[in-house]
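A quick write-up on the structure given underneath.
Sequence lines set the chain letters: A, B, ... in the order given, protein chains first and strands last, and positions in each chain run from 1. What you see is a predicted model, and the numbers here were worked out from it, not measured in a lab.
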Amino acid sequence: QTVLANEQVIEGRGWRTGALVEKREIPMYFLKITAYAEDLLKSLDELPGWPEQVKLMQKNWIGKSEGVRIGFPYELNGERKNLWVFTTRADTLFGATFMAVAAEHPIAVHASQGNPKLKEFVEECKRGAVMEAELAQIEKKGMATGLSVAHPLTGEKIPIWVGNYVLMSYGEGAVMGVPAHDERDLEFAGKYGLPVKQVIQHPAGDPTAYGMVINSGKYDGLNYQQAVDEIAKDLKAKGLGEKQTQWRLRDWGISRQRYWGTPVPIVHCPACGDVPVPDEQLPVLLPEDVVPDGTGNPLNKRASYVETKCPSCGRPAKRETDTMDTFVDSSWYFARFASPGQDKAMVDERARYWMPVDQYIGGIEHAILHLLYSRFFTRVMRDEGLLPGMAEPFTNLLTQGMVLAESYYRDAGSRREWINPADVSLERDAKGKIVSAKTADGREVVYDGIGTMSKSKNNGVDPQALIDKYGADTARFFIIFASPPTSTLEWSDEGVEGSYRFLRRLWAYAARFAARKGRKGTPTKGARFEIHSVLKQANYDLQKLQFNTVASACMKILNALERLPEEDSAADEEGMSILLRLLSPITPHVCHHLWRELEFGEDVMSAPWPEPDPAALELDEIELVVQVNGKLRGSIRVPKQADKAAIESLAMANANVQKFVAGQSVKKVVVVPGRLVNLVV
RNA sequence: GCCGGAAUGGCGGAACCGGUAGACGCAGCGGACUCAAAAUCCGCCGAUCGCAAGGUCAUGAGAGUUCGAGUCUCUCUUCCGGCACCA
């Protein structure tokens, strides 16, 4: 609230120019995120701990584009005005055959007076789609205003249309229509019989490549950059244009007409206007006994909340009942969490000590909004001196996948009865393919596919039931093992059983291990090689946060240990020690217990992390795959230090290889050290 | 529609820089143990031809680059996430 009451941050009360607010006719409050657009964009390059995918999405969302702002002169009631548009394609200026303005544009509003048909169309546009997704899919419609502008360089008359696809909130709320070089404009022109004038020549054979400007007077023959530069220069000389940077990012409208959310601390006074609630009266607290009834913001019906006194003149005034978007709260909670109990400020020195967050984890669905708002808020807090020197809230970001589960239903009259997957048993054919699904009473249910867990589809899994039945280690192991953290996780009861089976096998192996402990033997080279190779890979996967293959590495090590001959207790001892440490972050309880029980030490969590022994990874003889023309034809064993000639002759000696080389000449031999040899014939 | 992803056996997934596709597990099939079942253990397990050795095909579809492509390039299809007032 301190930050919001600051005039630097609050843009103030205003009328949003978009259709949405016109429709509702309510004041909006904005946070000026656009003031940070350049910083938010540039700093993406300094976030090595963020996924490229997320950074790219944010970059496109901020949407910096360099172009030219162009004024098309027109006369209205004897007054000379300019219709301003923004375009990244100033080189196509001579191809403009119409102008299109948003329904909320002043020209559209003006033209609709005295033109009932146009007025109706303008109203229809305002009532229509609001979301960008809907807007992009609606049929492109338009209507002529009867007005026209002059081409800024030729003076030619160009008609002005109202288009339902033009956004008031981007650029100037008006665009120039160049049907020859823009698909959307072409569709529009085709529909309303507007002329198409080609002004760019593409090189023969490649309609996508840029050729040069044509049909554009003195600009003919120029390439893209030259044409844009020249046209911008000439427009500037006439006062009808200049180069401009445009952003797709809009200011953040935080007003919400509902109960839950932080109150906007403003009082509306008939005499003083909109007055911020003074710091000493903050925070504005919400009443806690409202009952939302679905008929709008319950705060409006609360006289005790709405009726107040003007902080400035003391006369009766009304409290703002809009609350803030809940994204406002989620934009800085991580900093606040580091200052518990602090009731005089947003954050204190403890937040300055702990921030930024080392590792942030959240769903990919937050790639744009939440993660961008948080970066914005951290900058505001920096500039307010709350988090000095800090710009980025999250050093490392991991976007985890959602948990999915199967869902089943049965038609019950007009509606569907959703059956929890736990109550469904499956029948399979000889190959294991599911052929039918039934409940315990033998009645068939319909499989509805796999999707996010939800109450409405009754396909949730209660982790507590799982913990009660198998223990937390089993639940943890399954979740880690089933898929990498960044992918979706498909819930499977059988998979949980498998994880449980693995931990029981480990337990049983540990019992046998304890019984024979102390017996000495000679470690076999092969077993050590296998275990240390797996460990090396697991440590690499761990760095990549690919935990599912770390879990599978643990299974591989146990498999290797179980295959060991009884007398190989040296490899056994070492292998078990590696296994328990590698597995301990995934299943801490079992590992902690076994580590002590088998007398490896007191606490597995404080034992050094296992590292592969380079000596164990050395082999005297290695296996190479032999290919002929890239196809696998056999394998050979060669000494570690064998040279190319030796490898080649060994490869040629292989019986199956000879079958494919016989009668042909070897043109080339590719040797990939440690992997394969390919004979090209 | 735009932006960002993904697609590999019956299923979840693995395959590091382009180098043995299917690791590990689930399900399934066969066997051991058992009076029987459960649990456990052993074996098989992409498709196809073959007694076998081995061959052919196969990583959503189609093309390309390469000695060699699941991996790189282009075109396309389907699905998932986001699109600013769901949060």
Query raised in the report: Whole-Å distance between B:rG25 P and A:Leu558 CG?
Result: 9 Å
Report task. Classify the nucleic acid contact of A:Glu187 as base, sugar-phosphate or nothing, counting any heavy atom under 4.0 Å across all strands shown. Result -> nothing
Requested in this report: Could you state the atom-to-atom distance from OH of A:Tyr470 to P of B:rC26 in whole Å?
Outcome: 13 Å
Query - Atom-pair distance (OH on A:Tyr540; C1' on B:rA23), nearest Å - result: 16 Å
Report task. Looking at every strand, decide which applies to A:Ala367 at a 4.0 Å heavy-atom threshold: base, sugar-phosphate, or nothing. Result -> nothing
Query raised in the report: Less than 4.0 Å between a side-chain N and a carboxylate O, is that true for A:Glu530 and A:Lys556?
Result: no
Query raised in the report: B:rG19, B:rC57, B:rG55: which one has an atom nearest the side-chain heavy atoms of A:Gln627?
Result: B:rG19
Query - A:Gln53, nearest nucleotide to its side chain (from B:rG19, B:rG4, B:rG12) - result: B:rG4
Query raised in the report: Rounded to the nearest Å, what distance is computed from the CE atom of residue A:Met324 to the P atom of nucleotide B:rC85?
Result: 15 Å
Query raised in the report: Counting distance only, does the side-chain N/O of A:Asn164 pair as donor-acceptor with the main-chain N or O of A:Lys141 below 3.5 Å?
Result: yes
Report task. For A:Phe660, answer base if it contacts any base atom (sugar-phosphate contacts may also be present), sugar-phosphate if it contacts only those atoms, and nothing otherwise; contact means non-hydrogen atoms under 4.0 Å. Result -> sugar-phosphate
Report task. May I ask you to decide if the ring planes of A:His370 and A:Phe327 are parallel, tilted or perpendicular, using 30° and 60° as cut-offs? Result -> parallel
Report summary line: Winner on side-chain proximity to A:Trp61, out of B:rG5, B:rA27, B:rC83, is B:rC83
Query raised in the report: Going by a 90° cut-off around 0, is B:rG60 syn or anti?
Result: anti
Query raised in the report: Between B:rC67 atom C1' and A:Lys631 atom NZ, what is the distance in whole Å?
Result: 14 Å
Report task. Could you check which of B:rC67, B:rU20, B:rA84 has an atom nearest any side-chain atom of A:Leu249? Result -> B:rA84
Report task. Report the glycosidic orientation of B:rC16: syn if within 90° of 0, anti in every other case. Result -> anti
Requested in this report: Please say which of A:Phe547, A:Tyr500, A:Trp491, A:Phe502 ends up in a ring-ring contact (aromatic ring centres under 6.0 Å, His included) with A:Phe478.
Outcome: A:Trp491
Requested in this report: Could you check whether A:Val680 gets within reach of a base, just the sugar-phosphate, or nothing at all, counting any heavy atom under 4.0 Å?
Outcome: sugar-phosphate
Query - Nucleotide nearest A:Arg256 when distance is taken to its side chain, options B:rC24, B:rC85, B:rG12 - result: B:rC85
Requested in this report: Whole angstrom is fine here: how far is it from CH2 in A:Trp507 over to P in B:rU40?
Outcome: 16 Å
Requested in this report: Nearest whole angstrom, please: distance from the C1' of B:rG4 to the CG of A:Leu369.
Outcome: 14 Å
Requested in this report: Please state whether the phosphate of B:rA84, meaning OP1 or OP2, lies under 4.0 angstrom from any side-chain nitrogen or oxygen of A:Arg250.
Outcome: no
Report task. Look at all strands and tell whether A:Arg633 reaches a base, only sugar-phosphate, or nothing, counting heavy atoms closer than 4.0 Å. Result -> sugar-phosphate
Query raised in the report: Is the shortest distance from a Lys or Arg side-chain nitrogen in A:Glu611 or A:Lys536 to a carboxylate oxygen in the other one below 4.0 Å?
Result: no
**Report entry** Side-chain ion pair, A:Glu52 and A:Lys55, N-O less than 4.0 Å
**Finding:** yes
Query - Base B:rC16 to side chain A:Gln537, donor-acceptor N/O within 3.5 Å cut-off - result: yes
Report task. Give A:Phe502 one of three labels, base, sugar-phosphate or nothing, depending on what nucleic acid heavy atoms sit under 4.0 Å from its own. Result -> nothing
Query raised in the report: If you check every side-chain atom of A:Arg505, which of B:rA14, B:rC41, B:rA27 has the closest atom?
Result: B:rC41
Report task. Could you check which of B:rU40, B:rG82, B:rC3 has an atom nearest any side-chain atom of A:Arg504? Result -> B:rU40
Query raised in the report: For the side chain of A:Ile368, counting heavy atoms from C-beta on, which of B:rG82, B:rC85, B:rA14 is nearest?
Result: B:rG82
**Report entry** Candidate nucleotides B:rA84, B:rG13, B:rA21, ranked by approach to the side chain of A:Leu632 - the nearest
**Finding:** B:rA21
Query raised in the report: Looking only at N and O atoms, is any donor in the side chain of A:Asn678 or the base of B:rC67 less than 3.5 Å from an acceptor on the other one?
Result: yes
Query - For atom CG of A:Leu489 and atom C1' of B:rG12, their distance in whole Å - result: 9 Å
Report task. For the side chain of A:Asn559, starting at C-beta, report the closest nucleotide among B:rG55, B:rG25, B:rG19. Result -> B:rG25
